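Data block below; observations after.
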2 protein chains.
Amino acid sequence: MEPDKKQQLVETALTLFYRYGVHAVGINQILEQSAVAKKTLYHHFVSKDELLLATLELRHQRFYHWLQQELNRNEGTDPVDKLFDALGAWFEGKAEPLGPFFGCYFQNCAAEYHGPDSAVLRLCAQHKLKVKQLVNTHLQSYQRPEQTQSLLLDGLMLLKEGAINMALLHTDATVAQHAKQQARLLLQALS
Amino acid sequence: MEPDKKQQLVETALTLFYRYGVHAVGINQILEQSAVAKKTLYHHFVSKDELLLATLELRHQRFYHWLQQELNRNEGTDPVDKLFDALGAWFEGKAEPLGPFFGCYFQNCAAEYHGPDSAVLRLCAQHKLKVKQLVNTHLQSYQRPEQTQSLLLDGLMLLKEGAINMALLHTDATVAQHAKQQARLLLQALS
DNA sequence: CATAAAGTAGACCACTCTGTCTACTTGCAG
DNA sequence: CTGCAAGTAGACAGAGTGGTCTACTTTATG
């Protein structure tokens, strides 16, 4: 049995979807680039939509573990610094497991599939929630009352989302530094 | 001469593109819904891409003037309040000239057309810049030193972008209130 | 050794896509 | 009245779409 044809399909699909958008990429293009037969694809996935869902899952794993690592490095340093420095590296394409930066894959997919009860949208929301929880655990070091921490967390998430989207639109990686500066101000207000 | 077939094309195209995404909507669908002949479309626009650019321009005008009005109302009140209350109304679909909320049209288009030198991306960046400048003029009332105001403006833009995207992903209009709260904290830190 | 699962290539289906083109109609301006 | 610009309907082209299917090969395992 060929090794993980399935995984390779998801891999190429993710790369192409992320770079060009989902509707802009055809099944045949994915098949060509992964050197996989059409029948094999439809053996593993019932439709293009399901393949899309698989790419979202893969991207979530990648992103989550990457961020986890970034936040776990340098025990001592401020988690806020680590968060926005990580984002900065991502914007510059220096976050290896994430590849070149084309905005948030989940936001991009949500832009194409924002129907009323879209499975895509649900997965995207789930991803954002899990990332939020991950960041939250790293804020414990601040030793703030729960309510304050929750307020801080909300602010960080807003700044993070804002930064990602501004980085894409203006192709400007320095917004991560600006966002960090804003986060510092927020910390100051909450101290 | 039929009245503004051209404008009607842009109108329907904007509605459909915004709701379903650009690649997901075909020329024929636009033609049907606007009751316009194909030849007429290609008389006014050389391609679907140019039609897309026209929709971006139209949306920019609409959005800019809507925000301008929102910020000019109630002379006395805090511009920050006005900004995020306006966003909240938009998220709830209560901003009439903008129609139902499906995220930021420019972000959505950027998600589909983020190629290296995309005209779409350029227009989107321009739009965001003009909106930023508009907000900036309304911050004069705070009477802060220039540098402080610039910092405040950056923060507001990040919060705004973040709020828009979170509102789409979580279909939750209350994020506007959360963003407003964060903006208040920012103001506090800068006072 | 046989069976079943997973793979191959690629023809094929019914559609849709953007864009072109012919042939004809309408309304205004010189 | 004429001529032109803008409009109509819709056939057509050529490529591409997602998805199904037949017929064959490989590979691991009971």
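Chain letters run A, B, ... following the sequence lines, proteins first and then strands; every chain starts at 1. This is a predicted model, so every value here is computed, not measured.
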Practice problem: Pick out which of Y64(B), Y105(B), F63(B) makes a ring-ring contact (aromatic ring centres under 6.0 Å, His included) with H127(B). | Solution: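 When ring-ring contact (aromatic ring centres under 6.0 Å, His included) is applied between H127(B) and each of Y64(B), Y105(B), F63(B), only F63(B) qualifies.
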Roughly how many Å is it from [atom1] in [X] to [atom2] in [N], rounded to a whole number?
| X | N | atom1 | atom2 | answer |
| --- | --- | --- | --- | --- |
| L9(B) | dT8(D) | CG | C1' | 13 Å |
| L41(A) | dT20(D) | CG | P | 11 Å |
| F45(A) | dT20(D) | CZ | P | 15 Å |
| Y42(B) | dA9(D) | OH | P | 16 Å |
| H43(A) | dC21(D) | NE2 | P | 15 Å |
| H23(A) | dT18(C) | NE2 | P | 12 Å |
| E32(B) | dT16(C) | CD | C1' | 12 Å |

Enumerate the protein-to-nucleotides 11-17 of chain D contacts in which both atoms are nitrogen or oxygen and the separation is below 3.5 Å.
none

Quiz item: Mind checking whether K128(A) and M166(B) have side chains closer than 4.5 Å, heavy atoms only?
Solution: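 A side-chain contact is absent here, since even the closest heavy-atom pair is not under 4.5 Å.
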Quiz item: Can you tell me if the side-chain N/O atoms of T40(A) get under 4.0 Å from OP1 or OP2 in dT8(C)?
Solution: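 Yes, T40(A) has a side-chain N/O under 4.0 Å of OP1/OP2 on dT8(C).
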Quiz prompt | Phosphate OP1/OP2 of dG7(D): any H44(B) side-chain N/O under 4.0 Å | solution =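 So the side-chain polar atoms of H44(B) do come within 4.0 Å of the phosphate oxygens OP1 or OP2 of dG7(D), strictly under.
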Quiz item: Salt bridge check: are D78(A) and R184(A) linked by an N-O gap of less than 4.0 Å?
Solution: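 R184(A) and D78(A): salt-bridged.
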Practice problem: Answer yes when R122(B) and D117(B) have at least one side-chain N-carboxylate O distance shorter than 4.0 Å, and no when they do not. | Solution: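 Salt bridge: no.
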Exercise. Apply salt bridge (charged side-chain N to carboxylate O under 4.0 Å, His left out) to K94(A) and list each qualifying residue two or more places apart in sequence or on a separate chain.
Key: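 Scan of K94(A) (salt bridge (charged side-chain N to carboxylate O under 4.0 Å, His left out), adjacent residues dropped) gives E92(A).
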Exercise. Scan side-chain atoms only and decide if S47(A) and D49(A) contain a donor-acceptor pair under the 3.5 Å cut-off.
Key: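 There is no such pair between these side chains.
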Self-check item: Proximal nucleotide (of dA6(C), dT22(C), dT8(C)) relative to the K39(B) side chain
Solution: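 That would be dT22(C).
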